[in-house]
Amino acid sequence: MGDVTDDGAPLRRARTGASADDRGQLFLVGALSLAAAFVVLALLLNTAIFTENLSTRQAGPNVEEAVEYRDAAATGARGIVARVNWQNNSTRETLGTNFSREVSDWSALAGRQAALHGRVTNVSNRSVTFGTRITQAAHREFTNRSGEENWTVAANASGVRDFEMNVTRDSLAADCSPRCFNVEVDGDADKTWRLNVSNDSATDGIEVRVEDDDGTTGTCTVAGDHAVIDLTGGTVGGDPCPSLRFADGLEAPYDVRYRNANASNASGTYHLVVDADVSEDPHYDDAGSPFRTPAIYAATVEVTYEETAVYYRANATVAPGDGRD
Amino acid sequence: MAVTERRSDRAVSTTVSYVTTLAITTVLISGLMISAGGFVEGQRERVVRSELDVLAEQTAADLAAADRLNASTPNATIRLRTRLPSRVGDRPYTVTIREVAAPADQPNTYAVRAHTASPNVSVTATVRTEGTLVETSVSGGSLTVVGDGTPLEVHNG
């Protein structure tokens with residue numbers, strides 16, 4: 001605190017022994033301390049503002065994009081499996097090479113798109129399991145090339161996929177007693193699963209009756225002149241058939257057989273993929289008969305996704321018939 | 001020339017007044033400083049608690065996101081990085097993850113505890129996960145959740 005005048009200064013100086021420069025130290029120290037407190041308070045206020053900002057940010061890294069990319073890659077790979085199985089299937093080597101190349105092409109295209117959003121992605125072929133695709137593409141009875149009505153479509157398969165048949169109602173037996181067309185699957189320990197297909201004249205439809213090894217039976221019926229029966233997908237005429245659970249209760253290896261497959265019991269088309277070698281004789285590969293080709297039974301691709309805060313690498317296994325609409 | 005009478009109590013009132021003023025000023029300023037200091041400390045604790053709360057929730061959300069990613073694909077390699085402040089209210093802090101006993105047939109439950117030693121503040125958030133997490137304690141700052149077909153673990157960096 002400065003003096004108002006200098007008149008009394010010498011006297012006061014004499015009394016107190018202090019110089020004018022010493023005056024107001026207490027206030028000064030107090031003011032400085034308060035100033036420091038206010039500065040700290042301002043910093044705390046800043047921290048509080050930052051906290052509010054932090055709390056309103058998106059919680060957690062954006063992992064959904066990684067999962068979406070993995071699913072997109074799996075869908076792409078599934079399409080590639082279907083394509084090479086149908087169109088580039090002369091040998092297993094050809095299948096493998098074409099699959100790898102097409103996956104690589106897909107990866108490059110998707111990677112360019114991802115780069116626009118600051119992401120690095122990659123898909124590569126990790127492993128391929130080969131099998132055999134058995135197809136009857138032309139409409140005919142379900143006999144083998146020699147016309148045998150009871151025959152083994154595939155033996156010793158540890159897996160069956162994408163098993164779909166399109167049967168014509170007029171060709172089916174009216175009743176399974178005494179006999180009608182059926183698909184019989186023999187599993188391990190002599191267990192048997194059977195699917196009978198007959199003409200249901202009462203509804204002008206096709207009846208599918210499933211017999212499990214334990215004696216459980218279930219029936220699904222679909223109206224129409226023909227029906228697509230997806231044995232592994234569990235649908236009849238596109239509708240879910242709860243009883244149709246392929247080889248339910250059986251364990252691998254499986255033998256898939258056709259019974260009563262002549263023209264008066266079944267005709268149409270079918271295809272399936274098994275993870276086993278199927279020899280040509282005596283069933284396949286004559287003109288007009290079912291044929292077999294090497295096929296990819298399953299494929300695993302490695303998917304890598306990377307962005308600022310997320311690194312994700314996972315395998316996706318795809319197979320023929322998976323995710324069919 | 002007038003003779004000035006000298007008395008021994010001359011100027012006493014001035015000195016007393018001065019000392020009294022000084023004392024009162026000291027008391028006032030001290031009171032002001034103490035209350036300001038207390039106010040600042042109180043605010044610091046509130047701010048620290050508030051931010052630890054946010055950080056614990058953020059870390060729990062990161063763990064939940066990593067767990068979802070891990071659960072969606074078995075044996076996936078995952079690195080999720082989160083940038084968090086290394087100090088809270090100018091104080092370092094730690095993040096501790098501990099398993100909490102969950103009822104049978106319920107998901108695993110973990111407590112994410114953010115803690116500062118001074119002021120002594122702890123805030124705990126809970127996260128339920130499909131998979132397991134490694135119990136750990138890391139210092140505050142940027143965190144990375146790591147999984148490689150193994151239980152998820154939180155690291156610094």
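Chain A is the first sequence line, chain B the second, and so forth, proteins listed ahead of strands; every chain is numbered from 1.
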- Note on the structure: Residue from B:V48, B:V145, B:V40 scoring the most non-hydrogen pairs under 4.5 Å with chain A is B:V40
- Just wondering, are more than 12 heavy atoms of other shown residues or ligands nearer than 6.0 Å to CZ in B:R128? no
- Item | A:Y312 vs B:L69 side-chain heavy atoms within contact, under 4.5 Å | yes
- Query: Which value, rounded to the nearest 0.5 Å, describes the distance between B:R83 atom CZ and A:L54 atom CG?
  - Reply: 11.0 Å
- Task: Report, as yes or no, whether the 6.0 Å neighbourhood of atom CZ on B:R87 holds more than 12 heavy atoms from other residues, nucleotides or ligands.
- Result: yes
- Message: Set out, in order, the CA-CA distance, both residues' side-chain angles and the distance that settles side chain to side chain contact (heavy atoms under 4.5 Å, CB included) for B:Q43 and A:L45, then state yes or no.
- Response: CA-CA 9 Å; B:Q43 288 302 310; A:L45 181 65; over 6 Å; no
- Using non-hydrogen atoms only, which part of B:R68 is less than 4.5 Å away from chain A: side chain, backbone, both, or neither? side chain
- Query: Thinking salt bridges, do A:E306 and B:R79 make one under a 4.0 Å N-O criterion?
  - Reply: no
- Answer yes or no: is there a side-chain heavy-atom contact under 4.5 Å between B:L80 and A:V63? yes
- Message: Please identify, among A:T47, A:L41, A:L44, the residue contributing the most non-hydrogen atom pairs under 4.5 Å to chain B.
- Response: A:L44
- Nearest-0.5 Å distance that lies between atom CZ in A:F27 and atom OG1 in B:T26: 9.0 Å
- Part of A:N46 lying under 4.5 Å from any heavy atom of chain B: neither
- Please tell me if the side chains of B:T77 and A:Y311 come closer than 4.5 Å, counting only heavy atoms from C-beta onward. yes
- B:E135, CD atom: more than 12 neighbouring heavy atoms under 6.0 Å: yes
- Do other residues, nucleotides or ligands put more than 12 heavy atoms under 6.0 Å from the CD atom of B:E130? no
- Contacting region of B:L55 [heavy-atom separation from chain A under 4.5 Å]: side chain
- Query: Quick one: OG on A:S55 to CD on B:Q58, what's the gap to the nearest 0.5 Å?
  - Reply: 8.0 Å
- Which residues in residues 28-36 of chain A have a heavy atom less than 4.5 Å from any heavy atom of chain B? A:G30, A:S33, A:L34
- Task: Report yes if some heavy atom in the side chain of B:R81 is under 4.5 Å from a heavy atom in the side chain of A:V310; otherwise report no.
- Result: no
- Query: Does CZ belonging to A:R119 count more than 12 external heavy atoms closer than 6.0 Å?
  - Reply: yes
- Please flag which part of A:F38 lies under 4.5 Å from any non-hydrogen atom of chain B: side chain, backbone, both or neither. neither
- Message: I need the residue from B:T59, B:L22, B:T73, B:D148 with the largest number of non-hydrogen atom pairs under 4.5 Å to chain A.
- Response: B:T73
- Query: Can you tell me how far the CD atom of A:E52 sits from the OG atom of B:S50, to the nearest 0.5 Å?
  - Reply: 5.5 Å
